[in-house]
Amino acid sequence: MDTIKQLKWRYATKKFNADKKLAQTQLDVVKQAFNLTATSFGLQTIKLIIIEDKTIRESLVPHSYYQKQVLEASHLLVLCIQNDVIKEDVEAYYDNIQEIRQTSDAILDPYKQDLIKMMTNMTLEQRQQWSTNQAFIALGNLMTVCAFEGIDSCPMEGFVPSKYDEILHLEDKGLKSVLLLPIGYRADDDMFADFKKVRKPLKEAVIEL
């Protein structure tokens, strides 16, 4: 695959073909890509909600500043963070390491205690911002994977998280919405599809030492 060609093909899709749906195999790739995204310490304090239901998505449009991509896309991805990161999250993470890698407690415990201390020393707002930073990493990864798979996408911060949280009952799940990514196929008449990319020259964007 020509990586640069696919990245040039990708753009923030403004109008999706509402009649064209992603295959389950494509959704499986998206789910795996999300789960394989790098996160700080590998702690994965983020979750992905995939919404296909049109009725739910229609109710979200007014809280997305009436951006139609939310409804017209094949699926809407909602990237969420945990409301908080607690000691039990860290312990569960290290239990998972131990189970998968068969690493001894003697090796893992110092790292576990350091991470618990780090999280404890943060304020709630700092822990939430830390998790939000991980969600942005996941967003970038999903956009790139979608481009490689020939899936159109549109990253969005323009929505009202509190309303999304309410409609999707995220509080019950201990989650907060932070980012959106409608995915699917561009409409034939989306004029933005043919616009040339506007980027700085490489010499201005990249510094080599």
Side-chain angles (χ1 to χ4, degrees), residues 1-39 46-81 131-165 167-168 170 175-200 205:
M1 176 178 291
D2 187 331
T3 299
I4 301 303
K5 179 182 178 181
Q6 288 307 114
L7 292 176
K8 287 181 177 179
W9 172 85
R10 186 215 67 78
Y11 74 108
T13 305
K14 303 303 182 187
K15 187 176 182 181
F16 285 89
N17 183 337
D19 298 321
K20 199 170 180 183
K21 293 294 181 184
L22 295 173
Q24 186 59 50
T25 52
Q26 293 172 300
L27 289 173
D28 290 342
V29 170
V30 169
K31 290 188 282 187
Q32 288 278 6
F34 175 79
N35 200 44
L36 289 168
T37 294
T39 59
I46 55 177
K47 291 266 193 306
L48 180 65
I49 296 177
I50 302 176
I51 308 175
E52 182 177 6
D53 188 290
K54 287 269 189 176
T55 302
I56 295 175
R57 287 194 278 154
E58 190 166 18
S59 71
L60 295 171
V61 170
H63 310 299
S64 313
Y65 301 104
Y66 293 93
Q67 296 176 89
K68 291 294 187 179
Q69 299 98 311
V70 166
L71 178 61
E72 292 174 348
S74 173
H75 293 74
L76 174 63
L77 309 186
V78 183
L79 283 77
C80 303
I81 62 168
S131 290
T132 299
N133 293 345
Q134 314 313 307
F136 272 100
I137 296 172
L139 178 70
N141 188 45
L142 287 172
M143 290 166 61
T144 300
V145 169
C146 282
F148 288 173
E149 295 293 320
I151 299 171
D152 287 297
S153 67
C154 182
M156 294 169 58
E157 289 185 86
F159 71 107
V160 183
S162 61
K163 289 296 185 180
Y164 266 66
D165 297 353
I167 292 169
L168 300 176
L170 296 187
L175 300 173
K176 296 172 71 70
S177 58
V178 292
L179 294 165
L180 306 179
L181 188 68
I183 59 174
Y185 295 99
R186 65 190 68 178
D188 291 338
D189 59 348
D190 186 358
M191 64 180 184
F192 291 93
D194 296 323
F195 284 5
K196 291 184 178 180
K197 284 199 180 296
V198 178
R199 295 292 189 273
K200 293 180 178 180

Can you list the steps and then say if Leu60 with Ile51 is a side chain to side chain contact (heavy atoms under 4.5 Å, CB included)?
CA-CA 11 Å; Leu60 295 171; Ile51 308 175; 4.1 Å; yes
Looking only at heavy atoms, which two atoms of [X] and [Y] are closest? And how far apart?
| X | Y | value |
| --- | --- | --- |
| Phe159 | Ser177 | CE1-OG, 3.5 Å |
| Arg57 | Leu71 | NH1-O, 3.1 Å |
| Lys21 | Ser74 | NZ-O, 3.3 Å |
| Ala147 | Arg10 | CB-CB, 3.9 Å |
| Leu180 | Tyr164 | CD1-OH, 3.3 Å |
| Val70 | Ser64 | CG2-OG, 3.6 Å |

Backbone of [Y] reached by a side-chain donor or acceptor of [X] within 3.5 Å:
| X | Y | answer |
| --- | --- | --- |
| Asp165 | Leu170 | no |
| Asp152 | Arg186 | yes |
| Gln67 | Gly158 | yes |

Enter the distance from [X]:[atom1] to [Y]:[atom2] here, rounded to the nearest 0.5 Å.
| X | Y | atom1 | atom2 | answer |
| --- | --- | --- | --- | --- |
| Leu76 | Asp53 | CG | CG | 11.5 Å |
| Lys176 | Leu168 | NZ | CG | 13.5 Å |
| Cys146 | Gln6 | SG | CD | 11.5 Å |
| Leu181 | Ile50 | CG | CD1 | 10.5 Å |
| Phe34 | Leu79 | CZ | CG | 5.5 Å |
| Trp9 | Ile4 | CH2 | CD1 | 15.0 Å |

Stepwise, does the side chain to side chain contact (heavy atoms under 4.5 Å, CB included) test hold for Leu179 with Met156?
CA-CA 6 Å; Leu179 294 165; Met156 294 169 58; over 6 Å; no
Should Phe16 and Asp190 be marked as a side chain to side chain contact (heavy atoms under 4.5 Å, CB included) after you check the CA-CA gap, both sets of side-chain angles, and the distance that decides it?
CA-CA 8 Å; Phe16 285 89; Asp190 186 358; over 6 Å; no
Do Phe195 and Tyr11 make the cut of ring centroids closer than 6.0 angstrom?
no
If you count the non-hydrogen atoms of other residues, nucleotides and ligands that lie under 6.0 Å from [atom1] in [X], is the total more than 12?
| X | atom1 | value |
| --- | --- | --- |
| Lys54 | NZ | yes |
| Lys197 | NZ | yes |
| Asp188 | CG | no |

Check each of Thr13, Leu22, Leu142 against Ile183 using the side chain to side chain contact (heavy atoms under 4.5 Å, CB included) test, and report the only one that passes.
Leu22
In the structure I gave you, are the side-chain heavy atoms of Ile137 and Thr39 within less than 4.5 Å of one another anywhere?
no
Does any non-hydrogen side-chain atom of Leu77 lie less than 4.5 Å from one of Leu48?
yes
Verify the distance criterion only: is there a donor paired with an acceptor across the side chains of Gln32 and Asp28 at less than 3.5 Å?
no
Are Lys15 and Lys68 close enough, and set up right, to give a side chain to side chain contact (heavy atoms under 4.5 Å, CB included), and what steps lead you there?
CA-CA 7 Å; Lys15 187 176 182 181; Lys68 291 294 187 179; over 6 Å; no
